[in-house]
2 protein chains.
Amino acid sequence: MSADPAVRREIPDATVARLPEYLRSLSRLAEQGVLSVSSEELAAAVGVRSAQLRKDLSHLGSYGVRGVGYEVDTLALEISRALGLTQDWPVAIVGMGNLGHALASYSGFVTKGFRIVALFDDEPGLRGEVVQGVAIQPFRELPARHALDPISIGVIATPAVAAQTVCDRLVEVGVRSILNFAPAVLSVPDDVDVRRVDLSTELQILAFHAQQKALGALEPVAAARGIDGRTPSEAVAT
Amino acid sequence: MSADPAVRREIPDATVARLPEYLRSLSRLAEQGVLSVSSEELAAAVGVRSAQLRKDLSHLGSYGVRGVGYEVDTLALEISRALGLTQDWPVAIVGMGNLGHALASYSGFVTKGFRIVALFDDEPGLRGEVVQGVAIQPFRELPARHALDPISIGVIATPAVAAQTVCDRLVEVGVRSILNFAPAVLSVPDDVDVRRVDLSTELQILAFHAQQKALGALEPVAAARGIDGRTPSEAVAT
DNA sequence: CAGTGTGAACCACTTCACAGCC
DNA sequence: GGCTGTGAAGTGGTTCACACTG
């Protein structure tokens with residue numbers, strides 16, 4: 001195996017998942033004119049431990065100053081670079097119901113690196129409607145649209161039944177990154193990356209924790225005196 | 001202590017996060033009239049390994065039949081029970097923009113266990129609009145609404161700037177489970193459970209993987225120099 | 001015998017604690 | 001002196017492989 005010294009690959013998935021949070025906090029700090037932060041401060045803002053933050057950042061390289069902290073701008077730039085946000089990612093949304101509209105209008109989209117280049121929906125009533133400067137077109141236009149200006153990321157916001165078909169078409173034209181909001185498991189080739197966001201899954205997880213709390217509460221025995229000051233041992237964490 | 005023998009608590013978070021997926025697949029199978037599945041089949045449908053599935057299910061109890069598999073109905077019921085879906089969870093949505101509308105209309109909501117009891121938005125133009133049988137009301141009505149029919153889960157679908165205030169009010173009246181769609185980190189007391197769903201985080205994670213793939217692709221010759229890629233062994237996984 | 005349930009090995013991530021540097 | 005960067009220890013989750021059972 002290789003112990004390549006000069007590399008910055010091999011960033012753990014768990015770290016990658018937190019980088020966007022760090023970036024968001026850094027952007028806010030930058031807006032407020034803050035020039036420098038310590039790992040302690042930034043970690044507090046994001047809601048992680050400072051050791052975790054430092055370890056995460058160490059995967060990107062050494063961008064802090066010992067005894068001082070991190071320069072906000074520099075760190076933000078390095079995280080952006082690591083995430084690939086210094087380049088432009090053309091995004092297409094398929095399915096322009098309420099969710100599709102919400103996504104298209106979502107401010108976070110426009111910000112860093114992402115650019116909506118196409119909106120698809122076969123509903124005749126939506127044909128031609130312009131959202132955020134982009135006109136909704138029938139999904140069959142995908143190949144032509146893609147040929148014109150290649151799509152990097154496809155967002156599926158259709159009903160579950162349509163999701164797999166839409167996904168297949170996207171993969172067909174060459175889209176390799178898919179964000180799926182439909183409650184369906186998509187099957188794709190190995191080289192395609194799918195992430196799923198699902199409301200009902202999240203609700204069910206909340207319900208589980210809520211139930212646990214409820215069950216714990218009516219556990220009379222152990223509560224010798226401690227209903228109030230829960231030991232800081234382990235709160236229900238995300 | 002806490003070695004309660006008669007309990008089946010202590011389900012790992014990672015398992016809890018997968019149970020909703022299992023449940024969804026089981027429901028689909030049930031619809032198709034399938035009566036029994038093996039761990040192999042169900043795992044394939046969900047996209048996990050069969051050993052993982054069996055281990056997960058073992059945390060709930062022993063509901064399979066050796067040499068045969070799992071009875072679809074029974075297993076679905078047990079998972080529902082474990083997740084707390086056999087009871088009713090009253091949900092309120094705050095912020096009825098496109099996203100709020102999308103969430104309110106989301107079919108997954110209505111299904112198991114979740115019931116929308118209130119929709120809030122201060123926008124005068126939305127006042128009184130009825131979505132899925134529930135009228136939108138000003139957020140200041142929260143305490144009254146909650147007193148009338150307590151809310152278990154609050155969904156925040158407001159802009160980021162309003163999120164913390166909305167969250168504080170929810171916590172104030174006693175809501176202990178919050179699903180946050182706003183791109184903001186909420187601070188809450190220990191006993192409140194917050195889950196965040198964030199579009200731009202997901203996009204950024206996709207962008208990272210896409211970039212990795214791109215870098216890997218132009219590796220064939222240039223490994224000698226500082227560029228380095230990764231071994232082609234394992235593809236980018238979620 | 002086919003397929004579950006599970007100890008044990010393995011692996012990834014987190015946390016600790018401190019050396020190193022500004 | 002203060003804070004980063006990081007080996008080492010600790011924790012939790014996954015995978016293996018097989019004993020067990022209907």
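So that the names make sense, note that chain A is the first sequence line, chain B the second, and so on, each numbered from 1.
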List for me each residue that meets side-chain contact (heavy atoms from CB on, under 4.5 Å) alongside B/Ser58, sequence neighbours excluded, and say none if there are none. B/Lys55

Need one value for B/Arg54: base, sugar-phosphate or nothing, where a base atom within 4.0 Å counts as base even if backbone is also close, heavy atoms only. base

Look at the side-chain N and O atoms of B/Tyr70 and state whether any lies under 4.0 Å from the OP1 or OP2 oxygen of D/dG22. no

Can you identify which nucleotide, out of C/dA17, C/dC13, C/dT6, has its nearest atom closest to the A/Asp13 side chain? C/dC13

Considering only heavy atoms, which members of residues 27-41 of chain A lie under 4.0 Å from some atom of DNA chain C? none

Starting from P on C/dT15, measure out to CG on A/Leu57 and report it in whole angstrom. 15 Å

Check the distance between C/dG5's P and B/Arg49's CZ and give it to me in whole angstrom. 20 Å

Among C/dC13, D/dT4, D/dA8, which nucleotide sits nearest the side chain of A/Lys55? D/dA8

Sequence neighbours left out, what pairs pass side chain to side chain donor-acceptor pair (under 3.5 Å) with at least one residue falling in residues 64-74 of chain B? B/Glu71-B/Thr74

Considering only side-chain heavy atoms of B/Ala51, which listed nucleotide, D/dA17, D/dT14, C/dT14, is closest? D/dA17

Should we say atom CD of A/Glu40 is surrounded by more than 12 heavy atoms from elsewhere, each under 6.0 Å from it? no

Kindly say if B/Arg66 contacts the phosphate of D/dC18, meaning a side-chain N or O under 4.0 Å from OP1 or OP2. no

Without decimals, in angstroms, what is the distance between A/Asp56 CG and D/dG5 P? 12 Å

A/Val65 side-chain proximity, nearest of C/dC22, D/dC18, D/dG13: C/dC22

Between P on D/dG7 and NE2 on A/His59, what's the gap in Å once rounded to a whole number? 11 Å

